[in-house]
Student: 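Below: one structure in structure tokens.
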Amino acid sequence: MVFFSFNEMKKKETLIGLVLGQILSLLSTSIGFTTSELVRKGINAPTSQSFLGYVLLAIVYGSIMLYRRSVIKARWYYYFLLALVDVEGNFLVVKAFQYTSMTSVMLLDCWAIPCVLVLTWVFLKTRYSLMKISGVVVCIVGVVMVIFSDVHAGDRAGGSNPVKGDFLVIAAATLYAVSNTSEEFFVKNADRVELMSFVGLFGAIIGAIQISIFERDALNAIHWSTEAVLPYLGIAIGVFLFYTILTVLLKVDWLYYLAFATTAIGLIIYSMKDKDQEIQRGGEVVDEQRKRLDEEDGDSLRARLIGSST
């Protein structure tokens with residue numbers, strides 16, 4: 001009877017984890033889509049996009065810490081280094097949207113999975129099954145294929161410099177792996193509320209300094225209408241919810257990877273649809289060019305006939 005209850009509890013935990021994983025996947029895709037729309041509108045201020053998310057984390061979880069009067073369980077400078085890595089990871093991935101397509105960014109972001117597995121194996125002494133190792137191999141093959149596709153596609157890959165954008169995403173995903181591994185350590189050995197409070201606090205401080213140095217002109221150039229403000233607010237709420245759910249899923253690591261996998265599958269389908277539309281548009285362009293050339297040839301032939309008759 002006790003064994004049955006334990007199994008029921010595990011099933012419930014797994015079901016909740018799967019639902020949270022899908023929400024996390026949806027948040028990641030929504031943030032990526034909103035970021036790509038801002039870039040399309042000419043708004044290029046990478047650090048400022050995640051700044052309000054860190055502020056929300058600091059306010060909400062900092063208030064909980066103050067209410068609890070919790071004793072800090074880890075050194076503050078560990079959280080500072082973690083926040084620094086996280087801010088720069090977000091900076092690089094948002095920067096990548098200026099050079100490559102949303103599909104490439106989201107797919108290459110899965111590079112964080114093999115990096116996390118290696119880091120947790122080395123530093124947290126986590127052991128993984130053959131199935132997870134096979135998943136790592138698939139991720140690496142997928143990353144290589146996406147980069148090769150962007151190199152081959154050139155300016156058709158949906159950005160001004162797809163290869164540069166791809167390597168920015170890989171660098172960002174590597175930083176995310178360091179951040180996620182550190183967060184997993186603190187979630188299991190310190191306190192989740194403390195982690196989110198200090199990541200939010202130091203992330204906001206680092207972001208404010210970086211914005212004041214590098215992004216003041218870009219922010220001043222933005223026409224702050226409703227269309228510009230709402231995406232920033234949406235990203236802030238998305239970042240807050242993403243980190244909140246992420247720290248819960250890090251307790252059940254395979255669900256986090258499943259969320260990434262479902263995102264990747266959806267983006268592959270989306271990419272295939274985009275590719276079909278691109279081929280169709282390319283065929284229409286070729287037909288239009290042929291029509292124009294035929295008209296030009298006809299005009300030049302008439303001109304020669306008229307010239308010869310005179």
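Side chains included, hydrogens not; waters and symmetry mates left out as well; all remaining heavy atoms used. Bear in mind the structure is a predicted one, so any value in this text is a computation, not a measurement.
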Student: Any side-chain heavy atom of Arg192 sitting closer than 4.5 Å to one from Glu183?
Tutor: no
Student: Taking the six-membered ring where the residue is Trp, are the ring centres of Tyr78 and Phe198 under 6.0 Å apart?
Tutor: no
Student: Enter the distance from Ile235:CD1 to Leu230:CG here, rounded to the nearest 0.5 Å.
Tutor: 11.5 Å
Student: Would a distance-only check, ignoring hydrogens and angles, find a side-chain to backbone donor-acceptor pair under 3.5 Å from Glu194 to Lys73?
Tutor: yes
Student: Taking the side chain as C-beta and beyond, is there a heavy-atom pair between Val93 and Leu168 under 4.5 Å?
Tutor: no
Student: With a 4.5 Å limit on heavy-atom distance, are the side chains of Leu38 and Tyr232 in contact?
Tutor: yes
Student: How about CG on Asp217, more than 12 heavy atoms from neighbouring residues, nucleotides or ligands closer than 6.0 Å, or not?
Tutor: no
Student: With a 6.0 Å cut-off on the ring centroids, do Phe202 and Tyr79 count as close?
Tutor: no
Student: Decide yes or no for Tyr54 and Val239: does some side-chain heavy atom of the first lie under 4.5 Å from some side-chain heavy atom of the second?
Tutor: no
Student: Minimum heavy-atom separation for Ala96 to Val169, with atom names?
Tutor: CB-CG2, 3.4 Å
Student: Checking Leu84 now: which residues fulfil side-chain contact (heavy atoms from CB on, under 4.5 Å) with it, not counting sequence neighbours?
Tutor: Glu88, Ile206
Student: Donor-acceptor check, side chain of Ser70 to backbone of Leu66, threshold 3.5 angstrom: yes or no?
Tutor: no
Student: Quick check: do Thr100 and Lys164 have side-chain heavy atoms less than 4.5 Å from each other?
Tutor: no
Student: Supply the atom-to-atom distance Ile170 CD1 to Leu175 CG, rounded to the nearest 0.5 angstrom.
Tutor: 12.5 Å
Student: Set out, in order, the CA-CA distance, both residues' side-chain angles and the distance that settles side-chain contact (heavy atoms from CB on, under 4.5 Å) for Leu82 and Val199, then state yes or no.
Tutor: CA-CA 7 Å; Leu82 171 58; Val199 168; 3.7 Å; yes
Student: Does Ile23 form a side-chain contact (heavy atoms from CB on, under 4.5 Å) with Leu241? I'd like the steps, not just the answer.
Tutor: CA-CA 9 Å; Ile23 295 173; Leu241 294 175; over 6 Å; no
Student: Please answer whether the main-chain N or O of Ala45 pairs with a side-chain N or O of Ser48 as donor and acceptor at a distance below 3.5 Å.
Tutor: yes
Student: Can you tell me how far OG of Ser28 sits from CZ of Phe33, rounded to the nearest 0.5 angstrom?
Tutor: 14.0 Å
Student: Measure from the side-chain N and O atoms of Asn189 to the backbone N and O of Phe185, and report whether any donor-acceptor pair falls under 3.5 Å.
Tutor: yes
Student: Rounded at 0.5 Å granularity, tell me how far CZ in Phe214 sits from CD1 in Ile209.
Tutor: 11.0 Å
Student: Quick one: salt bridge (Lys or Arg N to Asp or Glu O under 4.0 Å) partners of Arg40, sequence neighbours excluded?
Tutor: Glu37
Student: On a heavy-atom basis, which atom in Leu56 and which in Ala236 lie closest, and how many Å separate them?
Tutor: CD1-O, 3.8 Å
Student: With hydrophobic residues grouped by side-chain heavy-atom distances under 4.5 Å, do Val193 and Trp76 end up in a single group?
Tutor: yes
Student: Test side-chain hydrogen bond (donor to acceptor under 3.5 Å, both in side chains) on Asn90 and Tyr176 and set out the steps.
Tutor: CA-CA 8 Å; Asn90 284 328; Tyr176 282 152; 2.6 Å; yes
Student: Between Ala228 and Ile222, what is the shortest heavy-atom contact and its length?
Tutor: CB-CG2, 4.1 Å
Student: Same cluster or not: Ile72 versus Tyr67, using hydrophobic residues (I, L, V, M, F, W, Y) connected whenever any side-chain heavy atoms lie under 4.5 Å apart?
Tutor: no
Student: Which distance, rounded to the nearest 0.5 Å, do you find between the CG of Leu52 and the CG of Leu233?
Tutor: 7.0 Å
Student: Nearest 0.5 Å, please: how far is CH2 in Trp111 from OG1 in Thr174?
Tutor: 6.5 Å
Student: Assess whether side-chain contact (heavy atoms from CB on, under 4.5 Å) is satisfied between Tyr243 and Tyr61, documenting all intermediate values.
Tutor: CA-CA 11 Å; Tyr243 282 95; Tyr61 286 100; over 6 Å; no
Student: Mind checking whether Thr47 and Lys95 have side chains closer than 4.5 Å, heavy atoms only?
Tutor: no
Student: So, the side chain of Ser197 versus the backbone of Gly62: is there a donor-acceptor pair under 3.5 Å, distance only?
Tutor: yes
Student: Taking C-beta and beyond as the side chain, do Leu201 and Leu57 meet within less than 4.5 Å on heavy atoms?
Tutor: no
Student: Can you tell if the side chain of Pro46 reaches within under 4.5 Å of the side chain of Glu215, non-hydrogen atoms only?
Tutor: yes
Student: Which heavy atom in Leu24 sits nearest to a heavy atom in Leu246, and how many Å separate them?
Tutor: CD1-N, 4.1 Å
Student: Show your reasoning for whether side-chain contact (heavy atoms from CB on, under 4.5 Å) applies to Phe97 and Asn44.
Tutor: CA-CA 9 Å; Phe97 278 96; Asn44 298 320; over 6 Å; no
Student: Heavy atoms only: give me the nearest Phe51-Gly207 pair and the separation to one decimal.
Tutor: CD1-C, 4.2 Å
Student: Of the non-hydrogen atoms in Val39 and Gln98, which two are nearest, and what is the gap between them?
Tutor: CG1-CA, 3.9 Å
